[in-house]
Amino acid sequence: MADKVTVLDIRTERPEVGETLLEVENLSVVFDTDAGVVKAVSDASLTLAAGETLAIIGESGSGKSVTAQAIMGIVPTPPGKVTATSISYRGQNLEHLSESDRRRVRGQEISMIFQDPLTSLNPVYSVGFQIGEMFRVHRGLSRKEAKERAIELMEFVRIPEARRRVGDFPHQFSGGMRQRVMIAMALALNPTILIADEPTTALDVTVQAQIMELLADLQKQNNMGLILITHDLGVVASVSDRIQLMYAGRIMEKGKADDFYASPAHPYAHGLMNSVPRLIGVDERLVPITGAPPSLVNVPSGCPFHPRCPHAVDRCRDEVAHLRRIEGFPGEVACHRAEEIRD
Amino acid sequence: MFRYILRRILLIIPTFIGASIIIFFAGFLLPGDPVSAFGGERELPENLRRTLEERYHFDEPVWKQYGFYMQGLVTDFDLGESVLRRRSVNSIFADAFPNTARLAILAVAIEILIGIVAGILAALRKDKFIDQLVLVTTTLVVSIPVFVLGFTAQTMLGVQLDWFPVAGLNEGAYSYILPAFVLAALSLAYIARLTRTSLVETLRADYIKTAQAKGLRSTRVVGRHGLRNALIPVVTFIGIDFAFLMGGAIVTETVFSIPGVGFQLVRAIGQRDNAIVVGFTLAAVIIFLVISLLIDLLYAALDPRIRYE
Ligand SMILES: Nc1ncnc2c1ncn2[C@@H]1O[C@H](COP(=O)(O)OP(=O)(O)O)[C@@H](O)[C@H]1O
Ligand SMILES: [Mg+2]
């Protein structure tokens with residue numbers, strides 16, 4: 001197996017643990033579609049520091065992937081429209097960068113892996129080509145040099161027989177191995193931030209744990225900031241430092257992961273916890289949230305969760321709840337009735 | 001890969017046998033007696049008639065005739081003989097084929113050049129002016145029958161404006177341009193549509209998001225990652241179209257009086273010269289099968305998922 005960090009691209013400086021890498025303020029993304037305006041993300045903010053793992057949790061369709069795409073700068077526009085007070089990477093507002101500078105950040109500073117590694121890899125190119133492309137395009141290496149680097153990276157993410165398999169195509173690998181290829185590609189240029197959008201959702205349960213372990217391991221080796229996106233509370237419980245809970249494009253709760261898992265504040269979080277069997281005590285009954293997540297074309301007025309919320313009052317219908325601190329809770333929550341519910 | 005090629009080659013044999021039986025028997029059933037046709041208006045003397053019948057096995061049952069024919073085809077690549085023209089079908093075909101091939105190659109080049117470029121532009125400017133223009137133009141082309149298009153082009157650009165030769169091959173390469181455009185028109189429209197649809201679809205694929213996330217230039221995202229995938233069905237269509245055109249363009253060759261395979265075939269049908277009809281049709285089938293085999297191999301080269309099946 002290749003020696004740890006030496007395989008990755010050499011960088012003159014790495015951020016120190018705790019340095020703020022990413023600050024997103026008041027991000028909103030809308031899509032102009034035939035069915036109407038889709039409010040995919042509304043007024044979401046987040047920060048990420050080096051060496052830290054932030055989990056973004058929410059049901060499918062809550063705007064997690066679009067948030068990630070907005071950070072990467074790959075939201076298709078049109079139909080999409082991205083507005084934000086700022087999206088800054090190490091103090092530099094990405095929105096003010098020229099397209100070519102922004103491209104330099106993508107893949108080299110901030111990189112991303114996706115949910116389904118089969119469809120996310122190009123079927124007509126070998127995995128070696130796709131990993132090596134990072135070095136060829138961004139570092140100007142020759143085809144041969146890039147292939148050698150690809151083999152090293154494949155060994156680095158623990159793909160067996162890397163040298164023999166470097167010319168194989170994505171469909172010749174198992175799901176787990178494909179996701180390792182994606183990870184190798186994303187880590188090729190030693191980015192400071194990795195965004196993993198549901199990296200294990202398409203994989204078998206046994207493989208899921210291996211991939212999570214690999215990600216956590218790689219992160220420790222080079223102080224990466226890691227954003228883990230998931231709809232599965234269970235997957236990220238053990239690896240995340242902080243969480244942000246999303247619903248209908250809004251952040252409903254944020255805080256330390258330990259606090260969240262011990263005792264979440266938002267009624268939506270309660271509902272989610274109750275629908276995850278392994279997180280509740282034996283004598284508690286499983287009560288899934290009633291109703292379906294709202295369509296983002298017609299987001300409910302006020303707090304978007306109010307139609308499904310057992311605690312909803314008139315105010316919830318009329319007034320958007322913003323994230324705020326409440327007494328006796330270490331995180332922040334977007335709920336008008338948070339205090340009453342906690343008592 | 002090897003098994004894929006082998007399977008593909010083996011498939012050709014039953015296809016060819018089936019096609020040859022149909023063509024041969026259909027040719028046999030066509031009205032007209034080649035021996036009497038040989039004499040034209042005059043009645044043939046009995047002994048000459050018998051000699052001819054024996055020489056060409058016309059006195060044998062049809063399945064035996066088929067056997068003789070196939071034997072000649074397989075051993076000597078002999079397509080038979082036209083009693084009427086007193087020439088071997090092979091030599092008539094050899095005269096006609098180069099004209100058809102030149103026309104087909106030029107037509108396919110036009111289809112590729114204009115069709116694919118128009119399709120790419122339409123896809124990249126989806127729902128914008130160029131896209132609408134391509135949509136309207138291709139719909140128009142598709143809805144006009146080839147012979148109408150051919151006669152119109154001939155009358156306007158050939159006769160009235162005198163930009164192109166009206167018919168025939170007297171002006172060398174230049175004579176092929178107008179017929180090639182007419183021949184290409186329909187497939188060109190189809191290729192433009194197919195390229196557009198396929199590219200629009202491909203650009204929605206997850207691996208395009210990956211390519212963008214890798215920080216690649218948009219030209220590389222579209223060209224390397226998008227087009228390479230989007231063109232797979234287009235290349236297949238072009239291949240089949242080319243294979244088909246190499247068998248002769250009946251309408252276009254007739255309208256522009258180009259003495260190619262299609263032109264000769266029409267003439268032979270008019271003269272009830274079944275030897276040419278059968279021979280030419282079989283030759284077209286062979287050309288089609290061989291080219292489409294090559295296309296399938298190309299397809300496998302383009303799409304690794306097929307190669308390793
Ligand atoms: N390119 C797009 N065009 C239109 N709507 C989109 C597009 N991308 C995402 N959306 C919409 O944005 C909403 C949020 O999607 P997404 O961020 O993918 O949710 P998830 O939390 O499951 O990742 C969904 O309603 C989705 O339909
Ligand atoms: Mg998603």
Side-chain angles (χ1 to χ4, degrees), chain A residues 34 65 68-69 71-76 78-79 99-127 129-139 167-172 178 181-182 185-186 188-189 191 194-195 197 202, chain B residues 1-4 122-132 195 198-236 295-309:
Chain A
D34 294 338
S65 296
Q69 286 168 22
I71 295 169
M72 294 299 291
I74 57 172
V75 173
E99 177 50 31
S100 67
D101 286 338
R102 181 106 204 228
R103 213 167 40 228
R104 230 157 272 145
V105 174
R106 273 204 286 273
Q108 302 188 61
E109 305 292 332
I110 310 178
S111 64
M112 182 164 175
I113 61 176
F114 297 86
Q115 173 166 345
D116 185 347
L118 179 60
T119 58
S120 298
L121 287 166
N122 196 324
V124 302
Y125 294 114
S126 70
V127 298
F129 175 91
Q130 295 187 62
I131 299 170
E133 192 175 25
M134 296 301 277
F135 296 106
R136 298 191 62 200
V137 168
H138 293 289
R139 296 288 180 265
D168 284 357
F169 291 86
H171 71 275
Q172 296 171 281
R178 278 180 211 134
V181 170
M182 284 295 290
M185 199 161 72
L189 303 179
L194 175 65
I195 304 176
D197 189 354
Chain B
M1 181 66 179
F2 178 72
R3 286 184 46 186
Y4 171 79
L124 295 181
R125 300 269 175 281
K126 187 167 163 295
D127 301 326
K128 301 272 171 53
F129 176 72
I130 295 233
D131 189 21
Q132 310 283 357
T195 304
S198 180
L199 185 56
V200 165
E201 195 61 37
T202 305
L203 292 180
R204 285 202 198 108
D206 288 345
Y207 54 77
I208 295 297
K209 275 254 153 17
T210 306
Q212 289 172 327
K214 284 164 90 171
L216 308 181
R217 285 171 189 283
S218 59
T219 45
R220 190 174 173 100
V221 172
V222 173
R224 275 280 183 144
H225 290 270
L227 271 182
R228 173 64 204 274
N229 281 282
L231 288 183
I232 291 174
V234 180
V235 167
T236 311
I295 295 307
D296 274 6
L297 300 185
L298 177 66
Y299 186 67
L302 284 177
D303 191 342
R305 284 164 298 187
I306 304 233
R307 230 179 300 165
Y308 294 92
E309 217 166 58

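As the structure is a computational prediction, the values presented were derived from the model and not from experiment. In the text below, chain A, chain B and the rest are named by the order of the sequence lines, each starting its count at 1.
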Where does Gln130(A) contact chain B at under 4.5 Å (heavy atoms): side chain, backbone, both or neither?
both

Measure distances from Leu121(A) to the heavy atoms of chain B and classify the residue's part below 4.5 Å as side chain, backbone, both or neither.
backbone

Could you check whether atom CZ of Arg125(B) has more than 12 heavy atoms from other residues, nucleotides or ligands sitting under 6.0 Å from it?
no

Give, for atom CZ of Phe169(A) and atom CG of Asp303(B), the distance between the pair rounded to the nearest 0.5 Å.
9.0 Å

Can you see which heavy atom on [X] is nearest to which on [Y], and at what distance?
{"X": "Pro304(B)", "Y": "Pro123(A)", "result": "CG-O, 3.2 Å"}
{"X": "Leu216(B)", "Y": "Arg103(A)", "result": "O-CD, 3.3 Å"}
{"X": "Gly215(B)", "Y": "His138(A)", "result": "O-CE1, 3.4 Å"}
{"X": "Val124(A)", "Y": "Leu302(B)", "result": "CG1-O, 3.7 Å"}

Parallel, tilted or perpendicular, as decided by the 30° and 60° cut-offs, for the rings of Phe129(A) and His225(B)
tilted

So which part of Ile208(B) gets closer than 4.5 Å to some heavy atom of chain A, the side chain, the backbone, both or neither?
neither

Pair listing, salt bridge (charged side-chain N to carboxylate O under 4.0 Å, His left out) test, anchored in residues 212-226 of chain B, at least two apart
Glu133(A)-Lys214(B), Glu133(A)-Arg220(B)

Based on non-hydrogen pairs under 4.5 Å, which of Met112(A), Met185(A), Met72(A) is most in contact with chain B?
Met185(A)

May I have the step-by-step check of side chain to side chain contact (heavy atoms under 4.5 Å, CB included) for Gln212(B) and Gln69(A), ending in yes or no?
CA-CA 10 Å; Gln212(B) 289 172 327; Gln69(A) 286 168 22; over 6 Å; no

pair Pro170(A)-Arg305(B): side-chain heavy atoms closer than 4.5 Å
no

Quick check against the 3.5 Å criterion: does Thr210(B) have a side-chain atom that pairs as donor or acceptor with the backbone of Ser120(A)?
yes

